[in-house]
Structures are given as structure tokens and as C-alpha cells.
Amino acid sequence: MSNKDKRYKSTKEMIMEILSSSEASYISGESISEKLGVSRASIWKHINSLKKEGFDIESRSGLGYALKGKINNSLNPYAIKKGLKSQFIGQNIEYFESIDSTNTYASKIADKSSEGTVVIADEQTSGKGRIGRSWFSKDGIYFSVILKPEIELVKISFLTQLAGAALLQALKNIGVEAKIKWPNDIILNGKKIAGILTEMSAEIDRIFYVIVGIGINLYNQEFDYEIREKATSLLKEGYNIDREKLLQEFFKEFEKMYIDFLSDKKETVLEILRKESIVIGKEIYIISSGKRKKARALDIDSYGNLNIVLENSEHETVFTGEISIRGLESYI
Ligand code: BTN
């Protein structure tokens, strides 16, 4: 059985399922222990751990345990797993209410984790953005997917584009029509709602793992001064979405696109990238090493690179970097 086929449920997950299905009525530790074939001491340990994750579980002597709900507004990883429509992306979830960075943690556990393991947090204290920037990580959702693709190194950068396309599709599935600013900014009503940071560990001819990290602004009403003009959140734009559903949709779409990509099928991703691009056909500035060059964006090629034509009519392919769109007052 390959890692992709494993559908592993932990004891804690099974306890959550039993508690959720008994709809706030009490269920004894003994009957949970019989159902799962584990000791009552182990049930007690897992219940305590669930309480620490923010679940309001009441324990009454003679009656047992009852799940009353979630204490705070944190994410429910068990609800994600319950309705999961993917085979391996998200089948194994490591959830934190708060962590330094899901990418950093994912890279620590990547070697011993199965492909598709996802690290999710409600908050990051040292969220990382592209080009060494920090990523404001409150009131959103932050997650990192661990991948172990057996492909050439040069193909890795396409995974960022693939994640962007999957996120656009997932948002569309729940009724949010967003756009993409090459290479990896997800844009709603002219402002950024999500970013993607892909990191990897590799040798010249061998990839150990790739971490695709995504941060989505969900509930923010105010942003720090430096990003106020550039950033927005789904709620600010009028979308109060179901986080668990969005993640399930993303894992499903990402998995489909990733499996296709491994056998060199990139049409769906490229079609979304080109159709939803806010860059193609626009006058832009290419920003690299602190310098800006005027250009017109022509297309996204089959590797996910940006084809441009410069002012002197020379054609160029841009592999990575930053661009800004000329003539627009807003951030993009
Ligand atoms: C960008 O600069 O646009 C990329 C931002 C990527 C942020 C995400 S949040 C989850 C993951 N963990 C991190 O520390 N960064 C990425």
C-alpha cells in the first residue's frame, strides 16, 4: 500500500466521531473503550487532549462524556476530516491553535510524515512570506501541505501555480470568484486575500520534500499600516465562509491537479491561471534586484512562467519575481 492509499484514523479522531454522533448526550467511558478496544485510561488521556484543543467536553461521574461544542472560534480539524473528499491530501492533519509557522513545523516533520500531511493553524507568531518577508497571521487560516514528488527540480516552481489554481477553484466552489496575480497572489476586488509560499529540501538530483504553504485572510477588518492599501479579507469583502468546507474543497482540487501534474497533465491548471489572471494583456513593471522594467504581459507558458515583451520589443520569459501593474492606483 502506498502512502497515498493510507486512510489512517487516530484514536482521538474516533473518539471525536463517537462524541459528535451522540449529539450532546452523555456516553460512558466504558462504552467508548469497548467500541474502540482501548483502555479507559487512554480514553481519558485523549479527552483531556481534545479539551486542550478547545473542545467543550463535559465529564460527569456515572454518566460519562458529552461534547457541548467548541469553546472559541478556532478551527475544527475533525470536521475537516469528516467531509474530506480527497484520498491523501489532508488525510493526516496536524492542527495548532497557534504556532510559529506551519511551513517551519511542516519541514521539521516532513521526513517522517506521509505525503499529503497538512499542518494547519488558526494563528502564526512568525508567519513567513515570500522573499524573506513576514506574513501577518491573525484572523485567517494558515496551512502547509507536505509533498514528496519524484520529479525534476526545475518543475517544482509549477507547484506554486498549481496551488494558486486549486485555491481559485476551491473558492469558486464555495461561491467566491477570485483572481490571480502572477505568480502567486490571490486577489479579491483588487486586493490580496491569500498568498502562497513554496519551500523545499533537495539535493541537485533528488527532492526530499516540498512544502506548499498558504495563508488566507478570513475575518480581518483592519490591517497594519504597511499593507492596509493592499490587503483585504473574505469577510471584509462580504463573504462569511465555512473554513472547514474551504479546506476540504482545496484539498480535493489540489489533489486532482497534483496527480495530473505528476503525469505531466497541466491543462486544467494552465486554463485557470490564464483565465483568471489579472496580469495577462496588461502594462506591467517587472521588479527585480530593486530595479523596475516596463513591459507588457503576454501569456503564461506551459511551465507557469510569464512571457513578456519589453519596451524595446524584446521578448522575455520571467521565471519568478514580483510585478506591479501600471496605471492602476490600487496595489495591483
Ligand atoms: C506571500 O508572501 O504572499 C506568501 C505568504 C505565505 C503565507 C503562508 S501562511 C502558511 C505558511 N506558513 C508560513 O509561515 N507561510 C505560509
Side-chain angles (χ1 to χ4, degrees), residues 3-4 6-10 12-13 16 46 49-50 52-55 70 72-130 133-149 156 159-160 162-164 166-167 170 184 186 194-202 207-218 243-255 258:
N3 280 340
K4 294 186 179 62
K6 268 188 210 155
R7 291 183 135 231
Y8 172 75
K9 264 190 196 161
S10 66
K12 199 157 69 169
E13 271 170 56
M16 255 319 270
H46 288 300
S49 156
L50 285 165
K52 281 199 193 115
E53 286 178 24
F55 288 95
K70 200 113 212 270
N72 51 27
N73 186 31
S74 59
L75 187 96
N76 182 348
Y78 304 95
I80 301 173
K81 283 210 69 177
K82 220 171 155 198
L84 209 57
K85 295 174 210 129
S86 48
Q87 298 302 309
F88 64 102
I89 303 287
Q91 280 294 342
N92 184 27
I93 294 177
E94 297 238 7
Y95 165 72
F96 300 86
E97 273 186 27
S98 182
I99 197 170
D100 52 356
S101 150
T102 56
N103 265 30
T104 305
Y105 183 80
S107 63
K108 281 185 199 145
I109 63 160
D111 284 334
K112 58 176 172 55
S113 302
S114 57
E115 176 161 50
T117 296
V118 180
V119 181
I120 310 180
D122 281 310
E123 179 191 278
Q124 298 183 120
T125 51
S126 299
K128 296 188 286 183
R130 288 179 67 229
R133 295 185 183 131
S134 60
W135 177 258
F136 179 78
S137 304
K138 243 183 160 43
D139 297 324
I141 188 79
Y142 313 97
F143 62 98
S144 303
V145 184
I146 299 173
L147 300 171
K148 301 187 173 177
I156 294 296
L159 285 171
T160 308
L162 189 152
L167 186 54
N184 62 354
I186 306 299
I196 304 162
L197 174 67
T198 303
E199 297 181 290
M200 68 171 170
S201 163
I207 295 159
F208 299 115
Y209 59 81
V210 178
I211 310 285
V212 178
I214 300 185
I216 309 171
N217 302 331
L218 294 179
R243 287 174 291 188
E244 286 83 3
K245 174 105 179 101
L246 174 60
L247 289 171
Q248 286 162 351
E249 289 299 319
F250 175 79
F251 298 156
K252 178 186 78 182
E253 297 299 341
F254 184 85
E255 183 173 287
Y258 179 63

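In what follows, every heavy atom counts, from backbone to side chain, and hydrogens, waters and symmetry copies are set aside. The first residue in the sequence is number 1, and the count goes up from there.
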request  = State, to 0.1 Å, how close F251 and S86 come at their nearest heavy-atom pair, and which atoms those are.
outcome  = CB-OG, 3.7 Å
task = With sequence neighbours left out, write down each residue that passes side chain to side chain contact (heavy atoms under 4.5 Å, CB included) with K82, or none if nothing qualifies.
result = none
ask   = Can you list the residues that meet the side chain to side chain donor-acceptor pair (under 3.5 Å) rule with Y78, with sequence neighbours excluded?
value = E53
task = Indicate the ring-plane relationship of F250 and F143, choosing parallel, tilted or perpendicular according to the 30° and 60° boundaries.
result = perpendicular
query = Under 4.5 Å between any side-chain heavy atoms of Q91 and K81, yes or no?
reply = yes
ask   = Out of V118, V210, D111, I109, which one pairs with I146 under the side chain to side chain contact (heavy atoms under 4.5 Å, CB included) rule?
value = I109
Atom of S74, atom of E97 and distance for their closest heavy-atom approach = OG-OE2, 3.6 Å
inquiry  = Return the CG to CG distance between L218 and L75, rounded to the nearest 0.5 Å.
reply    = 9.5 Å
message = Side chains of Y95 and N76: any donor to acceptor distance under 3.5 Å?
response = no
remark   = ring-ring contact (aromatic ring centres under 6.0 Å, His included) filter on Y105, not counting sequence neighbours, yields F96
remark   = Residues passing the side chain to side chain contact (heavy atoms under 4.5 Å, CB included) test with D100, sequence neighbours excluded, are T104, K108, T125, S126
query = Can you list the residues that meet the side chain to side chain contact (heavy atoms under 4.5 Å, CB included) rule with S144, with sequence neighbours excluded?
reply = T102, N103, A106, I211
ask   = Looking at residues at least two apart in the chain, or sitting in another chain, which of them share a side chain to side chain donor-acceptor pair (under 3.5 Å) with E249?
value = K85, N173, K245, K252
task = Identify, with sequence neighbours excluded, every residue that meets side chain to side chain donor-acceptor pair (under 3.5 Å) alongside S49.
result = K12
query = Would a 4.5 Å heavy-atom cut-off, applied to side chains only, mark R133 and L197 as touching?
reply = no
ask   = With sequence neighbours excluded, what pairs up with T160 under the side chain to side chain donor-acceptor pair (under 3.5 Å) test?
value = T198
inquiry  = To the closest 0.5 Å, what do you measure between CZ (F55) and CG (L50)?
reply    = 6.5 Å
ask   = Residues in ring-ring contact (aromatic ring centres under 6.0 Å, His included) with F136, at least two apart?
value = none
